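Below you'll find the structure, written out as structure tokens, and then a few comments.
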Amino acid sequence: MAETSFPIIRVDEWELRRIFNDLRIADRADRGELRAEIKRSRPVTDTSIRNWVLGTLSQEVRYYDAENNLVAKLTAIFGLMELWRPAANRTPSVL
């Protein structure tokens, strides 16, 4: 399989958030255009993290298109009120 080479462009976290939101990744997943998959989910025990509450999770969510191509990967920390709920098919947007 031929490997595609993409240029490396360094951006800060705010630019990544803007791109994620501008592409409406979470909205597209909610509408069924993209499939969201939780690849990793684990409790966060570091209480020094801003807004940490008991039950905070670190998750990696991957988004795939209809051809099963990886479109986006989100790694984030979610508090209890922000958790992605697969049963409700609701994905987080990046703030």
Side-chain angles (χ1 to χ4, degrees):
M1 174 192 315
E3 202 172 301
T4 305
S5 178
F6 295 100
I8 296 173
I9 302 170
R10 299 197 185 277
V11 296
D12 65 15
E13 63 189 83
W14 292 105
E15 180 67 5
L16 287 175
R17 289 179 175 124
R18 185 194 63 74
I19 292 167
F20 184 91
N21 290 328
D22 285 354
L23 293 174
R24 302 176 55 96
I25 299 295
D27 292 336
R28 292 170 57 201
D30 286 344
R31 289 193 311 268
E33 292 177 29
L34 300 176
R35 177 177 54 86
E37 174 184 299
I38 296 177
K39 189 66 175 174
R40 176 186 49 79
S41 183
R42 64 177 172 236
V44 175
T45 56
D46 182 354
T47 58
S48 68
I49 294 174
R50 186 173 49 107
N51 298 327
W52 180 91
V53 295
L54 184 62
T56 298
L57 292 177
S58 170
Q59 291 187 332
E60 179 182 303
V61 183
R62 294 183 182 184
Y63 297 89
Y64 298 90
D65 64 13
E67 288 79 41
N68 211 33
N69 296 309
L70 180 64
V71 174
K73 181 168 58 170
L74 170 69
T75 303
I77 295 174
F78 301 101
L80 284 176
M81 301 307 290
E82 308 171 293
L83 287 179
W84 180 64
R85 295 182 308 229
N89 195 28
R90 177 71 186 125
T91 55
S93 61
V94 180
L95 302 176

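Every heavy atom of this structure was used, including side-chain atoms; hydrogens, water molecules and symmetry mates were not. Please read these numbers as outputs of a predicted model, since none were measured by experiment.
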So does Arg17 get a backbone contact from the side chain of Asn21, meaning a donor-acceptor N/O pair under 3.5 Å?
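Indeed, once roles are kept as given, a pair shorter than 3.5 Å links the two residues.
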Can you give me the closest heavy-atom contact between [X] and [Y], atom names plus distance?
X	Y	value
Ala36	Tyr63	CB-CE2, 3.7 Å
Asn69	Asp65	N-OD1, 2.8 Å
Val44	Ser58	CG2-N, 3.5 Å

Which residues satisfy the salt bridge (Lys or Arg N to Asp or Glu O under 4.0 Å) test with [X], sequence neighbours excluded?
X	value
Arg35	Glu37
Glu33	Arg28, Arg31
Asp46	none

Find the distance between [atom1] ([X]) and [atom2] ([Y]) and round it off to the nearest 0.5 Å.
X	Y	atom1	atom2	answer
Asp12	Arg18	CG	CZ	10.5 Å
Leu74	Lys39	CG	NZ	15.0 Å
Leu34	Arg24	CG	CZ	12.0 Å
Glu60	Arg42	CD	CZ	9.5 Å

Do Ile19 and Tyr64 sit in the same hydrophobic cluster, where Ile, Leu, Val, Met, Phe, Trp and Tyr count as joined when their side-chain heavy atoms come under 4.5 Å apart?
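Hydrophobic grouping puts Ile19 apart from Tyr64.
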